[in-house]
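Sharing a structure with you now.
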Amino acid sequence: MKLKILVVAGDGIGPEVTHEAVEVLREVAELGGHEFTFTERRIGGVAIVQDGTPLPADTLSEALASDAVLLGAVGGNEFNSLPPDKRPEAGLLKIRAELGGFANLRPAFAFRELAVNSPLRPDIVDGADILFVRELLGGLYFGAPREWDKATGQAWNTMRYSRDEVARVARIAFKLAQGRRKKLTSVDKANVLEVSQLWRATVNEVASEFPDVAVEHQYVDAMAMHLMTQPRHYDVVLTENLFGDILSDESAVITGSLGMLPSATIGGKVNLYEPVHGSAPDIAGKGLANPLCAILTGALILRHSAGLETEAHAVETAVRKVLEGGFRTPDLARGQLNVTAAFSVLSTKGMGERVRQTIKEQLLAVRS
Ligand code: NAD
Ligand code: IPM
Ligand code: MN
């Protein structure tokens with residue numbers, strides 16, 4: 001199997017966690033005799049500083065010529081006063097738009113071993129396994145008009161969707177639900193917004209193509225609460241762009257940390273893979289970042305771009321085994337009276353190394 005992967009590590013903890021994911025993918029390739037090639041390019045704040053733009057043309061052309069793009073994170077406090085179209089985040093939005101993937105899959109899986117570390121009670125989170133399908137190219141993020149009119153002291157953005165944009169992402173969500181527990185929850189604000197009324201009507205139309213999937217609708221405010229009180233109730237959760245952004249970060253409480261949420265964006269020219277978290281300026285450069293989100297994002301590359309399900313599963317199982325062994329990064333090490341006695345706390349690199357070692361043992365055991 002040959003795969004050309006473009007790595008755009010970006011800012012803050014992006015390069016730290018991405019490095020660990022790449023090393024895991026290299027290990028998998030070596031063990032399985034696959035040929036993965038990795039090319040690196042700049043995006044985000046680092047590209048603003050070095051190239052004068054958050055998405056250099058050369059990064060975009062390399063991305064379009066690759067089989068998969070692995071992104072770390074973008075953003076930094078020094079760019080916070082820039083207007084939206086000049087910020088590092090603009091580079092991320094542009095690469096998303098150019099690659100064309102509109103279905104952002106954000107699995108929130110509560111590893112049993114982490115139930116003791118969750119801010120929620122173990123009996124609430126244990127067994128939770130949600131797949132968020134976030135629409136990624138529409139809504140407020142891309143709708144026009146948008147402006148901050150400083151003269152009049154007003155600003156506006158536009159939440160806009162077409163029926164086709166809703167239908168295409170809904171279809172992907174229903175198909176994914178068919179391969180899981182056959183339940184789909186669509187999130188909207190149809191009690192207030194016309195866009196949400198269109199959203200709900202379209203989801204109901206698409207639902208008739210998938211009679212084996214049970215559909216329910218939830219208002220986004222109630223959903224934010226239900227997610228915390230009954231996360232096990234949900235299977236596939238379909239959302240528009242901004243609601244999905246917010247609810248997926250909230251689901252970090254279910255998984256134990258933002259450092260446990262991977263993502264894959266499909267449906268476009270080239271799939272884009274990125275952890276859900278940002279550049280985490282508060283912990284960047286200190287070896288404190290949890291690389292498991294990036295490593296689990298690597299597993300999604302194996303699943304969705306390489307078609308290597310056994311290897312994807314092996315990576316996820318290795319993560320589980322490492323957690324079972326009591327290894328934690330600092331963000332996960334909580335919830336016990338004596339945390340240091342209960343867990344071995346590892347650095348970003350230490351955690352990456354543990355996962356690689358475990359994958360090696362596992363894949364070699366499968367072969368012998
Ligand atoms: P953030 O996700 O960077 O961090 C939120 C909190 O979670 C911080 O306390 C951080 O330390 C912690 N955290 C995040 N990832 C972690 C990890 N892997 N291990 C341990 N702890 C982790 O969100 P923020 O602070 O609101 O944003 C910082 C910058 O990142 C902003 O510029 C924002 O726009 C950007 N951002 C980028 C992306 C992306 O590139 N995909 C996503 C979200 C935010
Ligand atoms: C995410 C991030 C991005 C988003 C930002 C950085 C543009 O928060 O991937 O969740 O809002 O989509
Ligand atoms: Mn977000």
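Order of listing sets the numbers, starting from 1, for every ligand and every atom in it.
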Inset, instruction - Distance to 0.1 Å, residue and atom name: give those for the protein heavy atom nearest to atom 14 (C) of ligand 1. - result: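 Heavy-atom neighbour on the protein nearest atom 14 (C) of ligand 1: His277 CB, 3.7 Å.
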Legend entry - Nearest neighbour in protein (non-hydrogen) for atom 3 (O) of ligand 1: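 Ranked first by proximity to atom 3 (O) of ligand 1 is Ala280 N, 2.8 Å.
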Legend entry - Numbered atoms and elements of ligand 1 in range of Gly75, under 4.0 angstrom, heavy atoms: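 The atoms of ligand 1 under 4.0 Å from a heavy atom of Gly75 are 32 (O).
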Inset, instruction - Tell me, yes or no, whether the heavy-atom count around Glu30 atom CD, taken from other residues, nucleotides or ligands under 6.0 Å, exceeds 12. - result: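 Check fails, neighbour count at 12 or below.
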Inset, instruction - Please confirm whether the backbone N or O of Val253 pairs with a side-chain atom of Ser118, one donor and one acceptor, at under 3.5 Å? - result: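 Indeed, once roles are kept as given, a pair shorter than 3.5 Å links the two residues.
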Legend entry - Count, waters excluded, of protein N, O or S atoms under 2.8 Å from the Mn ion (ligand 3):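 Count of protein N, O, S atoms less than 2.8 Å from the Mn ion (ligand 3): 1.
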Inset, instruction - Could you tell me whether a side-chain N or O of Arg134 sits under 3.5 Å from a main-chain N or O of Asn241, the two making a donor and an acceptor? - result: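 Here the side-chain-to-backbone pair exists.
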Legend entry - Any Val276 heavy atom less than 4.0 Å to ligand 1: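 Contact present.
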Inset, instruction - Look only at the side chain of Thr329 and the backbone of Asp331, and say whether a donor-acceptor pair between them is shorter than 3.5 Å. - result: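 Judged by distance alone, no pair lies under 3.5 Å.
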Legend entry - Sub-4.0 Å protein heavy atom next to atom 24 (P) of ligand 1: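 Protein heavy atoms within 4.0 Å of atom 24 (P) of ligand 1 - there are none.
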Inset, instruction - Determine, for Glu324 against Lys321, whether the closest basic-nitrogen to carboxylate-oxygen distance falls under 4.0 angstrom. - result: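 No, no charged N to carboxylate O under 4.0 Å.
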Legend entry - Polar proximity ligand 2 side, Arg106 side, N/O cut 3.5 Å exclusive: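 Yes; the residue has a nitrogen or oxygen that sits under 3.5 Å from a nitrogen or oxygen of the ligand.
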Legend entry - Side-chain donor/acceptor of Asp188 to backbone N/O of Arg200, under 3.5 Å: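 It does not hold such a pair.
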Inset, instruction - Among all protein heavy atoms, pick out the one at the shortest distance from atom 11 (O) of ligand 2; state its residue, atom name and that distance to 0.1 Å. - result: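 In this structure, atom 11 (O) of ligand 2 has Tyr141 OH, 2.5 Å as its nearest protein heavy atom.
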Inset, instruction - Could you tell me which atoms of ligand 2, counted from 1 in the order shown, lie closer than 4.0 angstrom to a heavy atom of Arg96? - result: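 With Arg96 as reference, the close atoms of ligand 2 come out as 1 (C), 3 (C), 4 (C), 9 (O), 12 (O).
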Inset, instruction - Measure from atom 35 (C) of ligand 1 to the protein's non-hydrogen atoms and state whether any distance is below 4.0 Å. - result: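 Yes, at least one protein heavy atom sits under 4.0 Å from atom 35 (C) of ligand 1.
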Inset, instruction - Please report which non-hydrogen protein atom sits nearest to atom 10 (C) of ligand 1, along with the residue it belongs to and the distance in Å to one decimal place. - result: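 So the nearest neighbour among protein heavy atoms is Asp282 OD1, 3.4 Å.
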Inset, instruction - Give a yes or no on whether a salt bridge exists between Glu20 and Arg356, defined as a side-chain N under 4.0 angstrom from a carboxylate O. - result: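 So Glu20 pairs with Arg356 through a salt bridge.
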Inset, instruction - Provide, to 0.1 Å, the distance between atom 10 (O) of ligand 2 and the closest protein heavy atom, together with that atom's residue and name. - result: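 Ranked first by proximity to atom 10 (O) of ligand 2 is Asp245 OD1, 2.9 Å.
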Inset, instruction - Looking only at protein heavy atoms, identify the closest one to atom 27 (O) of ligand 1 and say how far it is in Å. - result: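 Sorting protein heavy atoms by distance from atom 27 (O) of ligand 1 puts Pro281 CD, 4.8 Å first.
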Legend entry - Option with minimal heavy-atom separation from atom 37 (C) of ligand 1, where the choices are Val74, Val8, Asp11, Thr348: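 Ranked by closest heavy atom to atom 37 (C) of ligand 1, first place is Val74.
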Inset, instruction - State whether the number of non-hydrogen atoms from other residues, nucleotides or ligands found under 6.0 Å of His233 atom NE2 is greater than 12. - result: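 Yes, NE2 of His233 has more than 12 neighbouring heavy atoms, counting only those of other groups under 6.0 Å.
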Legend entry - Arg354, CZ atom: more than 12 neighbouring heavy atoms under 6.0 Å: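 Not buried by this count: 12 neighbours or fewer within 6.0 Å.
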Inset, instruction - Could you tell me whether Arg134 approaches ligand 2 through its side chain, its backbone, both or neither, with non-hydrogen atoms closer than 4.0 Å? - result: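 Under 4.0 Å from ligand 2, Arg134 contributes side-chain atoms alone.
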Legend entry - Arg87 (side chain) donor-acceptor with Pro54 (main chain) under 3.5 angstrom: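 Answer holds: no.
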Inset, instruction - Write out the residue and atom name of the closest protein heavy atom to atom 22 (C) of ligand 1, then the distance separating them to 0.1 Å. - result: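 Atom 22 (C) of ligand 1 sits closest to the protein heavy atom Ile283 CD1, 4.0 Å.
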Inset, instruction - Could you establish whether Arg87 and ligand 2 come within less than 4.0 Å of each other, counting only heavy atoms on the residue side? - result: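 Under 4.0 Å: no for Arg87.
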Inset, instruction - Just need the protein heavy atom nearest to atom 6 (C) of ligand 1, so name the residue and atom and give the distance. - result: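 Heavy-atom neighbour on the protein nearest atom 6 (C) of ligand 1: Leu258 CD2, 4.3 Å.
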Legend entry - Aromatic ring pairing Phe210/Phe174, orientation class (parallel under 30°, perpendicular over 60°, tilted between):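 Phe210 and Phe174: parallel rings.
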Inset, instruction - Provide, to 0.1 Å, the distance between atom 18 (N) of ligand 1 and the closest protein heavy atom, together with that atom's residue and name. - result: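 Of every protein heavy atom, Asn290 O, 3.0 Å lies nearest to atom 18 (N) of ligand 1.
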Inset, instruction - Identify, by atom number and element, the atoms of ligand 1 in contact range of Ala289, meaning under 4.0 Å from any of its heavy atoms. - result: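 Counting atoms of ligand 1 from 1, those under 4.0 Å from Ala289 are 19 (N).
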Inset, instruction - Using a strict cut-off of 4.0 Å, indicate which atoms of ligand 2 neighbour a heavy atom of Glu89. - result: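 Answer for ligand 2: 6 (C).
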Inset, instruction - Using a strict cut-off of 4.0 Å, indicate which atoms of ligand 1 neighbour a heavy atom of Gly76. - result: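 Those of ligand 1 that fall under 4.0 Å from Gly76 are 32 (O).
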Legend entry - Location of contacts on Ile13 toward ligand 1, heavy atoms closer than 4.0 Å: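 Only the side chain of Ile13 comes within reach of ligand 1.
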Inset, instruction - Find all atoms of ligand 1 within a distance of less than 4.0 Å from any non-hydrogen atom belonging to Gly259, and give their numbers and elements. - result: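 Every atom of ligand 1 under 4.0 Å from some heavy atom of Gly259: 17 (C), 18 (N).
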Inset, instruction - Give a yes or no on whether the backbone of Asp129 and the side-chain of Arg180 come within a donor-acceptor separation of less than 3.5 Å. - result: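 The answer is yes, because a donor-acceptor pair under 3.5 Å joins these two groups.
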Legend entry - Donor-acceptor pair between Ser305 and Tyr273 side chains, under 3.5 angstrom: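 Present: a donor and an acceptor within the cut-off.
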Inset, instruction - Can you pull out the closest protein heavy atom to atom 41 (N) of ligand 1? Residue, atom name and distance to 0.1 Å, please. - result: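 Of the protein heavy atoms, Glu274 OE1, 3.3 Å lies nearest.
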Legend entry - Check: Cys293 N/O within less than 3.5 Å of ligand 1 N/O: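 N/O-N/O distance under 3.5 Å: no.
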Inset, instruction - Only heavy atoms count here, so choose which of Ser279, Pro275, Gly278 is nearest to atom 29 (C) of ligand 1. - result: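 Result: the heavy atom closest to atom 29 (C) of ligand 1 is in Ser279.
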Legend entry - Test item, Gly12 contacting ligand 1 (heavy atom, 4.0 angstrom):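 It does not; every heavy atom stays at 4.0 Å or beyond.
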Legend entry - Nearest-0.5 Å distance, OG1 of residue Thr185 to OH of residue Tyr234: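 Between Thr185 OG1 and Tyr234 OH, I get 6.0 Å after rounding to 0.5 Å.
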Legend entry - Residue, atom name and distance, where the atom is the protein heavy atom closest to atom 5 (C) of ligand 2: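 Of the protein heavy atoms, Leu92 CD2, 4.2 Å lies nearest.
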Inset, instruction - Quick one: look at Glu89 and ligand 1, take heavy-atom pairs under 4.0 Å, and tell me if it's side chain, backbone, both or neither. - result: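 The answer is the side chain.
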Legend entry - Heavy atoms of other groups near Arg112 CZ, more than 12 under 6.0 Å: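 Counting other residues, nucleotides and ligands, CZ of Arg112 stays at 12 neighbours or fewer.
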Legend entry - Crowding at NZ, Lys360 (>12 non-hydrogen neighbours, <6.0 Å):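 Atom NZ in Lys360 is not crowded, with 12 or fewer foreign heavy atoms closer than 6.0 Å.
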Inset, instruction - Would you confirm whether Arg160, through its side chain, and Ala144, through its main-chain N or O, come within 3.5 Å as a donor-acceptor pair? - result: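 Present.
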Legend entry - Residues Arg42 and Glu62 bridged, charged N to O under 4.0 Å: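 Between Glu62 and Arg42 there is no salt bridge, as every charged N stays at least 4.0 Å from the carboxylate O atoms.
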Inset, instruction - Using modelled atom types only, decide if a donor and an acceptor are shared between the side chain of Asn117 and the backbone of Arg334 within a distance under 3.5 Å. - result: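 Answer holds: yes.
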Inset, instruction - For Glu16 and Gly285, indicate whether the former's side chain and the latter's backbone hold a donor-acceptor pair under 3.5 Å. - result: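 Such a contact is found between Glu16 side chain and Gly285 backbone.
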Legend entry - N/O donor-acceptor pair under 3.5 Å between Thr202 side chain and Ala167 backbone: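 Side chain of Thr202 to backbone of Ala167, a donor-acceptor pair under 3.5 Å: no, none is there.
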Legend entry - Sub-4.0 Å atoms of ligand 1 with respect to non-hydrogen atoms of Leu92: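 This gives 39 (C), 40 (O), 41 (N) as the contact atoms.
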